[in-house]
Structure formats: C-alpha cells, structure tokens
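Scroll down for the structure; my scribbles are underneath it.
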Amino acid sequence: MSLTSAHGRPMRVRMAPSPTGPLHIGTARTSLYNFLAARHEGGTFVLRVEDTDLARNTLEFERDIIEGLHWLGITWDEGPQVAGGEDIGPYRPYRQSARLDLYAPEAQRLLDDGNAYPCFCTPEELEAVRHAQERDHQPPRYNGRCRNLTLEQRAAFEADGRRAAIRFATTPESVTWDDLIRGEVEFDNALLGDFVIVRADGGPLYNFTAVVDDAAMQISEVIRGEDHISNTPKQIALYKALGYDVPRFAHIPLILNQDRTKMSKRKSQMDMDAYRQQGYLPEAMVNFLAFLGWSPGTQEEIFSLDELSRRFELARVHKAGAVFDHDRLDYLNGVYIRALTDEQLALRLRPFLPDAADDATILRLAPLVKERLVRLVDIGELVAFLFQTDEVVASWYAAELLLPKKRDASEVARGLTAARDELAGLTDADWAAETLESRGRALAEQLAWKPGDLFKPIRVAITGRTISPPLFGSMELLGRGHSLARIDAALGKLQAVAGATGVVR
RNA sequence: GCCCCCAUCGUCUAGAGGCCUAGGACGCCACCCUUUCAAGGUGGAGAUCAGGGGUUCGAAUCCCCUUGGGGGCACCA
C-alpha cells in the first residue's frame, strides 16, 4: 500500500522551521501534514532547522518549536530531538548553521559552470534600480548589470574594496511542475530575474540552502505552505543547474484570519504556547488543525493523531485557504475534555489550580466541572470559591443576588434560616452531596417552595456567584464548617437589607 | 503594477455528471431535560453551489470568460 516517491524510493519529507520566533499555528499545521503524510505512507519525517539568519534566530525559539511540536504529539525520525541537542539520522547535521561548509562548494560549482556570477551592486544601487522600475511600471527585478562583467571590471570592483554576492543566472524558459495538490502549475522564469543565492558576507540564502539540503537529505516530497509557490520555479531551476533530481511539491492552503488574509500575529493569536497555556488539549488542537484544509470525505470529525495517520492523504488536501475558527476549536476542546476520565482530567487540571488544591480535592472536583470547561484555564473562575476565605466569597456578591424572582429579603431569610438549621443537624460524616440534596429537596417541599428558589440563595452563599458547579457537590467539597459559615454570612447580609427596608425577620 | 493560486451556508466541510428540491459539524434561534451554568436531546433559520456563457438528455461537479479574494515579487525564511 505504501506509495513510493517520484524516484521510486520510500517517501522522505521534511519540515524546515526557522527559529526566528516561537512555534506558530501555521508551522504546526504544516508540520502536522508532513508528519501525517510520512506516517501514512510509512515514510520518513525529517526536522531540519533553518537557522542561517544569524541576526534573528535563537536557541530559545528552537526550543519553543521543538517542544511545541512534541506537545502536539508530532515526532520525527531524523533531526535534533531537543533544542541544541545532538542530531539523529544519516544525513547529519540537520541544523543549517552546522552545514555552512556544504554550501560553498555547491555555489562554486554553479560559478564554475556559468550558472551563477558575482554581483557587486550595493544595496543603494539596487534600491535605485527598484525605484526606477516602480516609476516606469516595470516588474521589480534585478537588471543584470553584473551578469556580463569582464574579468577587468570584476578586478576593478574588488580593488575598490567591494565584496560580491553570488547571483543565480536565470534561464528565460517556462517551468512546469505537477503539484500534488494543485495539479500542473506553470511559470515563466523570464519574470524571475537573477536572484541572490549567497550574500556578500558569504551567508547562503534560503532558496539555495533549501535546495542543497533537500537534495542532500534525499527529500522526495516537499510539503509546504502555499506562500512558497513562487519560490518553486527558482528552486527547480537550482535543482536542475546543480544536477539534482527534482522532488515533488505539495503546496498546502494557508490558514487565514477572520478577514481571509494570511494568518498573522496582528489579527490572530498565533503562538502555539498561548493555546497551551489556556488549556487547549493537544488532541483537540491536532484534530482541529488537521481539518483546516483536509477532510476524510466522510461525516466523521473526531480523530486522534493515530487515526489521522491512518486516514490522511495528500490527495484529499484542499486548494482553498481556511479561516481559523475559534468557536470550533473551543467546541472540539470541550469534546476532548469530556472524553477524559476523572483521573486524566485531574492530572491536566493540576497546573491550572492554586497550590492549595490537593490531589484528592482535584480528583473529586473533576466530575463536577468536566462538562463545564471550554479551556482548562476556566477551572480557576469556576472553583475559585473553594480556595478563598468565607469573607472573600461573601464580598463577591450583593445581598440582592440572593433573591430569587418574586421573593423578598425576609422570605429568603426565612428559607435560608430553615436550610441552615436543617443542614446543621448533619454530621461531618453525613456531609455528602446526595444527603444534602435530599434534605434540601425535602425542605423545599415542606416550605412549599420551588426547589430552585431555595437553592439559589444557598448557591450564592456558598459560591458567591449565581453560576457555579452543581451546588451539592460544591458543598460537599467545601465541607460542613465553611458551608454553614457562608450561609450565616448570607443571612447577615439579608438582615442588613431587610432591616434597612423596615422588614422584620 | 507584474506573476501565480483559489472560489459550496457566517465558519470548517461532504459533493469527482443523474443518489442534490445541496448533506454534516461549529456558531445562532426555539423547545425539552434541569438546582444555576453547562452538557445532552429535538426542531429551525441559514448556500438561486460568485456571475455569465458553453458541452451534455442532464452540471455544484467538465470547458471558457468575467468578477471577487488570496499569495508572491529581498543580499528574510
């Protein structure tokens, strides 16, 4: 069943992030697609760190990217497994900063074959040309000034102290490739202009290093974002000039902001770590990301990473971009939270709760909040009442909040007092949700109140809010002493109001 | 400006000529359940398949044009 690549070998794909920023949604999604394609085909997934932009890349970002991918459950067969760590795999090293020596000979080969030439133009000169082209409504591209310099002219520039960049000499011809997702794509290289492959300071540039490395690492399929489509003709020209086999290309659709522009930091939350810190589960994130541009063709929508590996096919990836829909992510996160056992949920909740919360309490809490959590971080607000003093909780609400519709303060005070007396009769040992509920209901019936009317003031007294986890479970967790104290505090507040309006209890 | 890509409910999508008076999910609305909020259940609104031409007995599905949207045009990646 395993498909073979363009060259008859097993599939080898790669993800090549640049550690110039933290892991973002787009990188994660492209990594996921590469990972899934490799797993589906029984191929190899390579991680290569493209850190040639010395000015912008950092080890911290590399760590964020690697850890973020691992958090999602994405693993790779070759490449660094930890930031700054040792590379694994037969094509070591996998960090471009450690491969610098490999690019120079290839650039020299291009020079020797006449496929590249030194360019002495300064940034200012280039800028001037660009401006002139813009003014004349010409496409902005290199004018080829240095392409046919004589040896004397080159020597003169060098004597002048100028350092040359290396430009690739583009052949004006039409290139075509059969994109795995888009089908045949055609491009006229005459429009390209001679692009720089090595900077004047000797630093090799992206289009060049990517080609040299992908060839060296025997990459068979290049799966990357649609924003790279326009790099493809340049790279194909490089592959050919260097005498390498050209891999197959698959350009996946972009992830979009709400306004359908390419997802950007400005308009969307892009850092994966931010989602992690808010308590999005990696399972939900993976499921969500996978469907941004792919679907199995059925009505199923909940998939684990393993199931995705089994079902994912590049051929089913869409061409159109997909908007990142937070509502849907939230929904999926809820689905995955609800699917957790209490033990699993308790474990995941730990980092989102105060240190005062002990493991036993968290475990008892889990079933109470499971159906109410959208993100794990929401646990804080939901159970804050458990970790605050009775005084603080009392300060959260005004006495009016204790009153159900159509019941005044003195009535509620009466009901609450009855509840307090009833519950005070229970021992610590009897203080369990089931008992509390049956006593509460019996009392409501006795008073001829709707249960809800009696439970509302108790709820506010216990939790300080009108919205809370199930009342009796909450009281059980809070314990007898604090529960009774909080009801007393509520009664005190009612008294003040009733007193002010002249109503005697 | 030039080049390339794309186009089904607000959003994610099903759909590879007849099964489509276009299906599912999220979101939204209503009702049910219910101690609040959720969760769950039921139902509903929501897409003249961007528009126009073809091809065909028959088109969301194939072709062409138009329109709209996006991406790219660095000594960044």
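Protein chains get the first letters and strands the later ones, always in sequence-line order, with residue 1 at the start of each.
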Under 4.0 Å from OP1 or OP2 of B/A14: is there any side-chain N or O of A/His318 that close?
yes
A/Tyr33 and A/Trp294: ring pair (Phe, Tyr, Trp, His ring centres under 6.0 Å), yes or no, with the steps?
CA-CA 9 Å; A/Tyr33 278 22; A/Trp294 172 88; 7.7 Å; no
Using a strict cut-off of less than 4.0 Å between a Lys/Arg side-chain nitrogen and an Asp/Glu carboxylate oxygen, indicate whether A/Glu437 and A/Arg441 qualify as a salt bridge.
yes
When you check the gap from the basic side-chain N to the acidic O, do A/Arg162 and A/Glu125 get nearer than 4.0 Å?
yes
Say we look at B/A22 and B/U61: how far apart would their P atoms be, to the nearest angstrom?
15 Å
C1' spacing across the pair B/A30 / B/G46, given as an integer number of angstrom
15 Å
Rounded to whole Å, CD1 of A/Ile252 lies from P of B/C4 at a distance of 22 Å
If you go through the side-chain atoms of A/Arg328, does one of them form a donor-acceptor pair with the base of B/U11 closer than 3.5 Å?
no
Classify the nucleic acid contact of A/Lys456 as base, sugar-phosphate or nothing, counting any heavy atom under 4.0 Å across all strands shown.
nothing
Pick base, sugar-phosphate or nothing for A/Gly225, based on heavy-atom distances below 4.0 Å to the nucleic acid.
nothing
Nucleotide nearest A/Gln299 when distance is taken to its side chain, options B/G24, B/U35, B/C26
B/G24
Using the P atoms only, state how far B/G51 lies from B/U8, rounded to an integer number of Å.
11 Å
On RNA chain B, compare the nucleotides closest to A/Leu382 and A/Ser295; which residue's is nearer the 5' end?
A/Ser295
Between atom CZ in A/Phe288 and atom P in B/G27, what is the gap in whole Å?
13 Å
Closer to the 5' end of RNA chain B via nearest nucleotide, is it A/Phe472 or A/Arg182?
A/Arg182
State, without any angle test, whether A/Asp51 and A/Ser97 hold a side-chain donor-acceptor pair at a distance under 3.5 Å.
yes
Let me know the distance between CZ of A/Phe249 and P of B/C5, rounded to the nearest Å.
15 Å
Please work out if A/Arg441 contacts a base, only the sugar-phosphate, or nothing of the nucleic acid, heavy-atom cut-off 4.0 Å.
base
Determine whether the aromatic ring centres of A/His326 and A/Phe288 lie less than 6.0 Å apart.
no
B/U48 versus B/G41 - spacing of their C1' atoms, nearest Å:
33 Å
How is A/Glu300 classified with respect to the nucleic acid when contacts are heavy atoms under 4.0 Å: base, sugar-phosphate, or nothing?
nothing
Only pairs with both distances under 3.5 Å count, Watson-Crick or wobble alike; so what is the partner of B/C73 in this structure?
B/G1
A/Leu368 CG to B/U36 C1', in whole Å, measures 13 Å
Nearest to the side chain of A/Asp327 - B/U36, B/C26, B/A14?
B/C26
To the nearest angstrom, the CD1-P distance between A/Ile458 and B/C37 comes to 17 Å
Taking the same atom, C1', in B/C6 and in B/A25, what whole-Å distance lies between them?
24 Å
Can you check the distance between B/C9 and B/C49, where both ends of the measurement are the P atom (answer in whole Å)?
10 Å
Per atom distances to the A/Ala322 side chain, the nearest of B/U35, B/C6, B/C12 is B/C12
Distance in angstrom units between A/Asp342 CG and B/A39 C1', rounded:
15 Å
So if I define the base as every atom that isn't primed, P, OP1 or OP2, how would nucleotides 60-77 of chain B read as a B/S/- string at a heavy-atom cutoff under 4.0 Å?
----------SSSS-BBB
Could you measure between the two C1' atoms, the one in B/A7 and the one in B/C31, and give it in whole Å?
38 Å
Could you tell me the Watson-Crick or G-U partner of B/C19, where both distances fall under 3.5 Å? Say none if there is no partner.
none
Does B/A59 have a Watson-Crick or wobble partner in any strand here, with both distances under 3.5 angstrom, and which is it?
none
Donor-acceptor pair, side chain of A/Lys370 and main chain of A/Leu340, under 3.5 angstrom:
yes
Do the side chains of A/Arg48 and A/Asp214 get close enough for a salt bridge, i.e. N-O under 4.0 angstrom?
yes
Could you tell me how far B/C73 sits from B/A59 if I compare only their C1' atoms? Round to whole Å.
38 Å
Taking NZ, NE, NH1 and NH2 as the nitrogens, is one of them in A/Arg130 or A/Glu127 under 4.0 Å from a carboxylate oxygen of the other?
yes
When both distances are under 3.5 Å in a Watson-Crick or G-U wobble arrangement, the nucleotide paired with B/C37 is none
Students often get this wrong, so: under 4.0 angstrom with heavy atoms, is A/Pro233 touching a base, only sugar-phosphate, or nothing?
nothing
Are the charged groups of A/Lys262 and A/Glu226 less than 4.0 angstrom apart, N to O?
no
To the nearest angstrom, how far is A/Asp330 atom CG from B/U11 atom P?
18 Å
Whole-Å distance between B/U34 P and A/Lys450 NZ?
13 Å
Considering Watson-Crick and G-U wobble pairs with both distances under 3.5 Å, what does B/C28 pair with?
B/G44
Test item: A/Leu477 and A/Leu368 side chains (from C-beta on) under 4.5 Å apart, heavy atoms:
yes
